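Everything numeric here is computed off the predicted structure, so don't read it as measured data. Every chain is numbered from 1, with letters handed out A, B, ... down the list of sequences.
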Amino acid sequence: MTDSLKNLASIDKDAFSHDLISWFTEEQRELPWRKDQDPYKVWVSEIMLQQTRVDTVIPYFNRFIEQFPTIQDLAQAEEEKVLKAWEGLGYYSRVRNLQSAVREVHEKYGGTVPATKEAISTLKGVGPYTVGAILSIAYGIPEPAVDGNVMRVISRILSIWDDIAKASTRKIFEEAIRTLISEENPSYFNQALMELGALICTPTSPSCLLCPVREHCHGFHEGVENELPIKTKAKKQRLVHLAAVIIRDDEGNTVIHKRPSEGLLANMWEFPNVEISLPFYRDKGYIESLLLEQFGIKVKMAQAISRIEHVFSHLKWDIQVFEGKLQGPIEEVEDLRLVSPIEIDEFPFPVSHQKIIQHYKKVEGDVTHDE
DNA sequence: CAGTCGTGGGA
DNA sequence: TTCCCAAGACT
């Protein structure tokens with residue numbers, strides 16, 4: 001770590017902060033979470049922005065704050081409504097952790113987001129980055145907020161060649177930021193580094209000629225700005241074959257299933273589906289037996305109607321979508337429902353299964369469809 | 001540490 | 001098409 005920061009001492013901290021913050025003051029984007037410094041709104045925005053683009057977050061943030069304007073509103077909301085508001089954003093444990101933490105703040109701190117690193121760090125879903133972001137942006141406390149932008153920008157400015165994909169590397173950048181951060185305006189300092197990473201110091205072809213801190217940048221002066229940062233690439237997704245079934249009853253309702261409370265897409269709803277190994281790929285009898293085994297649902301399978309490929313960070317789903325006819329009643333359990341095309345809209349579904357909803361609705365009410 | 005956990009957009 | 005990515009946290 002000592003060697004990684006060999007260029008840190010040569011940075012003119014005051015001039016760097018001034019150039020960076022002046023640029024941000026002039027050039028920052030108008031974003032809905034920048035209208036005020038409400039710690040709750042800062043918190044929500046930071047959770048939404050994790051691994052997610054600004055343009056994607058904006059409409060979600062506006063709807064979310066409209067629906068849950070305060071900590072109390074979110075604390076008292078049904079989880080189902082909260083998940084529905086997050087539907088399509090991905091990483092759904094983010095919002096379940098957020099609501100859990102908001103409930104803790106509501107009960108334990110009277111609805112005031114704690115302003116110390118020690119207290120805020122214990123909240124679910126609030127890691128090292130989010131701690132620094134909330135403390136600096138909402139409370140003006142000089143704490144590093146090291147995200148991917150900051151690591152990219154600082155790796156170029158200080159010519160740091162450590163692998164930013166490794167978890168341990170973040171500490172090197174936190175150390176650098178602790179030295180460089182503006183005590184007068186840590187909020188703008190942290191936001192400016194991220195804004196610079198988003199607008200100027202981009203992953204590919206950075207716009208160095210437009211950069212307000214080019215004169216401070218070792219990477220630029222060494223001509224290595226396009227070599228940095230060092231980031232080992234992720235490995236390929238594992239392929240999983242699924243068979244999902246639109247199971248209709250005589251009234252045109254369909255069966256939906258709530259996923260377990262832990263793991264992939266926790267507590268989201270889906271069409272009943274089973275993992276199939278290649279040899280049984282289209283064997284309807286085999287799929288019928290798995291549906292009975294795993295969901296207690298008796299189905300008469302009909303034809304396959306489409307194939308959906310859906311890519312996650314670490315796996316890829318290849319879903320064969322079938323139609324089927326419900327034989328008899330479904331078991332009366334919390335994780336199974338029989339819903340109409342209208343009622344289904346109230347339930348949160350992952351994007352892969354929203355595509356299946358489209359197929360379900362195409363033949364809405366047409367009970368003579370399956371042959 | 002390395003794997004888990006989503007999605008949509010751009011090169 | 002394929003790949004990488006975008007304001008990470010948790011186990």
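With hydrogens and angles ignored, a donor-acceptor pair under 3.5 angstrom links the side chain of A/Thr52 to the base of B/dG6. Between the side chain of A/Ser313 and the base of B/dG6, a donor-acceptor pair under 3.5 Å is found.
Nucleic acid contact for A/Val150: none, since no nucleic acid atom lies under 4.0 Å from a heavy atom of the residue. At a threshold of 4.0 angstrom between heavy atoms, the contacts of A/Ala133 with the nucleic acid are absent. In this structure, A/Leu89 reaches the bases: a heavy-atom distance under 4.0 Å links it to at least one base atom across the strands shown. Heavy atoms of A/Arg34 sit under 4.0 angstrom from at least one base atom. Here A/Arg238 lies out of heavy-atom contact (under 4.0 Å) with every strand. A/Ser168 comes within 4.0 angstrom of sugar-phosphate atoms only, judged by non-hydrogen atoms across all strands, and of no base. A/Lys316 comes within 4.0 angstrom of nothing in the nucleic acid, heavy atoms only. Residue-level contact check: A/Gly197 touches neither bases nor backbone, having no heavy atom under 4.0 Å from any strand. Here A/Thr130 lies in heavy-atom contact (under 4.0 Å) with sugar-phosphate atoms only. Here A/Val57 lies out of heavy-atom contact (under 4.0 Å) with every strand.
Among the nucleotides C/dC4, C/dG8, C/dA6, the one closest to any side-chain atom of A/Pro203 is C/dA6. Of all nucleotides listed (B/dT7, C/dG8, B/dC1), B/dC1 comes nearest to the side chain of A/Ala167.
Under the 3.5 Å distance criterion, the side-chain polar atoms of A/Arg259 are left unmatched by any main-chain donor or acceptor of A/Glu270. Side-chain atoms of A/Arg214 come within 3.5 Å of backbone N or O of A/Cys208 as a donor-acceptor pair.
A sub-4.0 Å separation between OP1 or OP2 of B/dG3 and a side-chain N or O of A/His314 is absent. Dashed line: the shortest gap from a side-chain N or O of A/His310 to OP1 or OP2 of B/dT7 is under 4.0 Å. Using a 4.0 Å cut-off, no side-chain N or O of A/Arg152 falls inside it from OP1 or OP2 of C/dC5. When the side-chain nitrogen and oxygen atoms of A/Lys235 are compared with OP1 and OP2 of B/dA2, none of them lie within a distance under 4.0 Å. Side-chain nitrogen and oxygen atoms of A/Tyr91 include none within less than 4.0 Å of the OP1 or OP2 phosphate oxygen of C/dC10.
Toward the 5′ end of DNA chain B lies the nearest nucleotide of A/Leu315, the other residue of the pair A/Leu315 and A/Thr204 mapping further downstream. Along DNA chain C, the nucleotide nearest A/Glu46 and the nucleotide nearest A/Asn97 are compared for position; the residue whose nucleotide lies closer to the 5' end is A/Glu46.
Using the six-membered ring where Trp is involved, A/Phe349 and A/Phe271 have ring planes that are tilted, between 30° and 60° apart.
For A/Glu87 and B/dG6, the CD to P distance is 13 Å, given to the nearest whole Å. Atom NZ of A/Lys231 and atom P of C/dG8 are 9 Å apart (whole Å). With rounding to whole Å, A/Ile47 atom CD1 is found 8 Å from C/dC10 atom P. Rounded to whole Å, the distance from CD1 on A/Ile58 to P on B/dT7 is 20 Å. Going from atom CD1 of A/Ile308 over to atom P of B/dG6 covers 17 Å, rounded to whole Å. Rounded to whole Å, the distance from CG on A/Leu193 to C1' on C/dA6 is 17 Å. In this structure, A/Arg94 atom CZ and B/dG6 atom P are separated by 9 Å, rounded to whole Å. When the P atom of B/dC5 is taken as reference, atom CG of A/Leu264 falls 5 Å away, rounded to whole Å.
The NE2 atom of A/His359 lies 13.0 Å from the CZ atom of A/Phe322; values are rounded to the nearest 0.5 Å.
Between B/dC5 and C/dA6, the distance separating the two P atoms is 23 Å to the nearest Å. For the C1' atoms, the distance linking B/dG6 with C/dC4 amounts to 15 Å, nearest Å.
Partner of A/Trp33 under the ring-ring contact (aromatic ring centres under 6.0 Å, His included) criterion, out of A/Trp43, A/Phe61, A/Phe64: A/Phe61 alone.
Because its NZ or CZ atom is both nearer than 6.0 Å to the ring centre of A/Tyr60 and within 45° of the ring axis, A/Arg63 counts as a cation-pi partner of that residue.
Ring centroid separation for the pair A/Phe220 and A/His218 does not come in under the 6.0 Å cut-off.
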